[in-house]
Visitor: 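One structure, pasted below without further comment.
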Amino acid sequence: MEILSHLDFSTALNELTPELWQGLLIALEATVGGFVLAVILSVLLAVGRLSKYKFLRGILVVLLEIVRGTPLLVQLVYMFYVVPLLVSLIVQFFIPNYQFQLNPLLAGILGLGINYGCYLSEVVRAAILSIDKGQTEAALALGYTRRQALWSIVIPQATRQAIPVFGNYLIMMIKDTSLLAFITVNELLLRTQAYASQTFLTIESYTILAIAYLILSLPLSQIVRLLEKRSSKHA
Amino acid sequence: MPKPMIEVTQLRKSFGVHEILKGIDLTIRQGEIVVIIGPSGSGKSTLLRCLNCLELPTSGRVKVEGEKFADESGKYNEKRVARLRTEIGMVFQSFNLFPMMTSIQNVMAAQIKIRKKTAEAAKTNAEKYLKKVGLAERMNHYPSQLSGGQKQRVAIARALAMEPNIMLFDEATSALDPELVGEVLKVIRELADEGMTMVLVTHEMRFAEEIGDRIIFMDKGVIVEEGEPSELFNHPKHERTKRFINQVLHPESEKTLI
Ligand SMILES: Nc1ncnc2c1ncn2[C@@H]1O[C@H](COP(=O)(O)OP(=O)(O)O)[C@@H](O)[C@H]1O
Ligand SMILES: [Mg+2]
């Protein structure tokens, strides 16, 4: 019980909150960037996996297995520390002494985007396959080519149908930005760690951090639930 | 004689090992209204879908206004097929309206995307055709807000707005509640009066008799018999035709299933 009387939430709250706001901005930047990339990738991957070219489908399946078979944290570390080295090695064939640098936030956005893009592509693929074949046929009968029917009739419906699931992944991604602490992105976790180790207000700092994430994701979950209700209209 | 709009020669279509169409020959001339009847599973839809190349023939060929779907080497070039399809409107049993678009957007979409019309021109045209099918009041409704009969009329307007020379109807009223069938048949009847070339698959025998210039009876992938409506309905030559017509007109009198 001794320890309880030493807890100092008000100091921690006062000093850590501004830090957390700063970290939140960065986390949101990473989320927006990562998610936009993920959505674009997911549609491209889904379409690619439904393509008639076996070779392309094969490559994409391998990519998907690699991404799903390795932890996100490892992918982020790989993106930040290894990919720049590989790029440098390759470019050095043409430009001697070339050093490629990837800024931590950008590496994080790429890592999150690719990882989530792969998972979301399964959602998009399932949504595309679930659209009634009559939709494509109606478009074809009107003179659309297969590609036009896919992009202007089927995919808008599929993505619309996938929106609630996308919402859930978006909330997951916000929380997963905490992993970016490991590649030196100065987001909420890294700032909290720094503060806690300076002040030894360990319990206070990490509790506040956890609550901050909760405050962030609870309203978003509500919005997703609303979207779920709305997207069942006109579908 | 009016010029041929659709010419089908020795059309065969198989799904796997099942041959569904077993050598169909058929010519449809400008302004002609051909009604295809026959038991379910006899290949009527498949034939209709071959007419606009939604199904690729296994062998044989289909010509639209003198142009073959397949090119000289027998290949089906996607762009060419798409272009020929714009000459043919198709109406489906299940409407297949685009659910995320309002009625008028449904009718405008292909005009803009395929015919390259401006949004304004497409809108004017769409309004014209929605009025024609009696849906001036429903232009901004989504399909989910329309009755079956209204949906089917939007689908007809959508096809007509592409200004096709031929219209195909595959059981356009089969999915409708009985009280909504009339409003769709009325629109088709008006098209007939305007001289539209049409091929219809239907189970509405009275309507077929009234509207058709020619009735085709299909069974098991072949055209068993064809002729003028009064002739075919009153004096069918083949036993199979007789039996089918009897069953459809007097469903109680015979127990055998169609
Ligand atoms: N895409 C398809 N794949 C396999 N079989 C099919 C396909 N489309 C139609 N069939 C089969 O072809 C036969 C004829 O079907 P259909 O042309 O729809 O008949 P109808 O319209 O006269 O009822 C049916 O036995 C059906 O199961
Ligand atoms: Mg059918």
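The sequence lines fix the lettering, A, B, ..., with proteins before strands; numbering per chain opens at 1. FYI, side chains are in, hydrogens and waters are out, and symmetry mates aren't considered; it's all heavy atoms of this structure. Keep in mind that what you see is a predicted model, and the values were worked out from it rather than measured.
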Visitor: Could you state the interatomic distance from CG (Asn165(B)) to OG1 (Thr197(B)), rounded to the nearest 0.5 Å?
Guide: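 Between Asn165(B) CG and Thr197(B) OG1, I get 7.0 Å after rounding to 0.5 Å.
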
Visitor: Quick check for you: among Arg158(B), Arg83(B), Lys79(B), which has the greatest number of heavy-atom pairs under 4.5 Å with chain A?
Guide: Arg158(B)

Visitor: Could you measure the distance from the CZ atom of Phe15(B) to the CD1 atom of Ile20(B)? Nearest 0.5 Å is fine.
Guide: 6.5 Å

Visitor: What verdict does the salt bridge (charged side-chain N to carboxylate O under 4.0 Å, His left out) test give for Arg61(B) and Glu7(B), after you've listed the backbone C-alpha separation in whole Å, the side-chain angles of each residue and the deciding distance to 0.1 Å?
Guide: CA-CA 8 Å; Arg61(B) 62 152 205 250; Glu7(B) 293 160 275; 5.8 Å; no

Visitor: Would you compute the distance between atom CG of Leu160(B) and atom NZ of Lys128(B) and round it to the nearest 0.5 angstrom?
Guide: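 If I round to the nearest 0.5 Å, the distance is 9.5 Å.
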
Visitor: Output yes when a side-chain donor or acceptor of Gln157(A) lies under 3.5 Å from a complementary backbone atom of Ile153(A), and no otherwise.
Guide: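 Yes; judged by distance alone, with no hydrogens or angles, the pair exists.
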
Visitor: Spell out, as yes or no, whether a donor-acceptor pair under 3.5 Å connects the side chain of Glu78(B) to the backbone of Arg146(A).
Guide: yes

Visitor: Please report the interatomic distance CG(Leu86(A)) to CZ(Phe100(A)), rounded to the nearest 0.5 Å.
Guide: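 Those atoms lie 11.0 Å apart.
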
Visitor: Tell me the residues of residues 60-81 of chain A whose non-hydrogen atoms fall below 4.5 Å from those of chain B, in number order.
Guide: none

Visitor: Ignoring hydrogens and geometry, is there a side-chain-to-backbone donor-acceptor pair from Ser42(A) to Gly117(A) under 3.5 Å?
Guide: no

Visitor: Which atoms of Phe92(B) come close to chain A, meaning under 4.5 Å heavy atom to heavy atom: side chain ones, backbone ones, both, or neither?
Guide: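 The answer is the side chain of Phe92(B).
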
Visitor: Could you tell me which portion of Leu84(B) (side chain, backbone, both or neither) has an atom closer than 4.5 angstrom to a non-hydrogen atom of chain A?
Guide: neither

Visitor: I need the residue from Val91(B), Ile114(B), Thr86(B), Val81(B) with the largest number of non-hydrogen atom pairs under 4.5 Å to chain A.
Guide: Ile114(B)

Visitor: Below 4.5 Å from any heavy atom of chain A, which atoms of Ile88(B) appear? Answer side chain, backbone, both or neither.
Guide: backbone

Visitor: Is it true that a side-chain atom of Gln135(A) and a backbone atom of Leu97(B) form a donor plus acceptor pair closer than 3.5 Å?
Guide: yes

Visitor: In Å and rounded to the nearest 0.5 Å, what is the CD1 to CZ distance from Ile166(B) to Arg85(B)?
Guide: 13.5 Å

Visitor: What part of Ala155(B) is in contact with chain A, defined as an atom under 4.5 angstrom from a non-hydrogen atom: side chain, backbone, both or neither?
Guide: neither

Visitor: What distance do Leu120(A) atom CG and Leu45(A) atom CG have between them, rounded to the nearest 0.5 Å?
Guide: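 Nearest 0.5 Å value for the CG-CG distance: 10.0 Å.
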
Visitor: Tell me the residues of residues 41-57 of chain B whose non-hydrogen atoms fall below 4.5 Å from those of chain A, in number order.
Guide: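 Counting heavy atoms that sit under 4.5 Å from chain A, the residues of residues 41-57 of chain B involved are Arg49(B), Asn52(B), Leu54(B).
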
Visitor: Please report the C-alpha distance between Lys123(B) and Glu127(B) in whole Å, then the side-chain angles of each, then the deciding distance to 0.1 Å, and finally whether the salt bridge (charged side-chain N to carboxylate O under 4.0 Å, His left out) criterion is met.
Guide: CA-CA 6 Å; Lys123(B) 185 154 184 267; Glu127(B) 282 167 357; 3.5 Å; yes

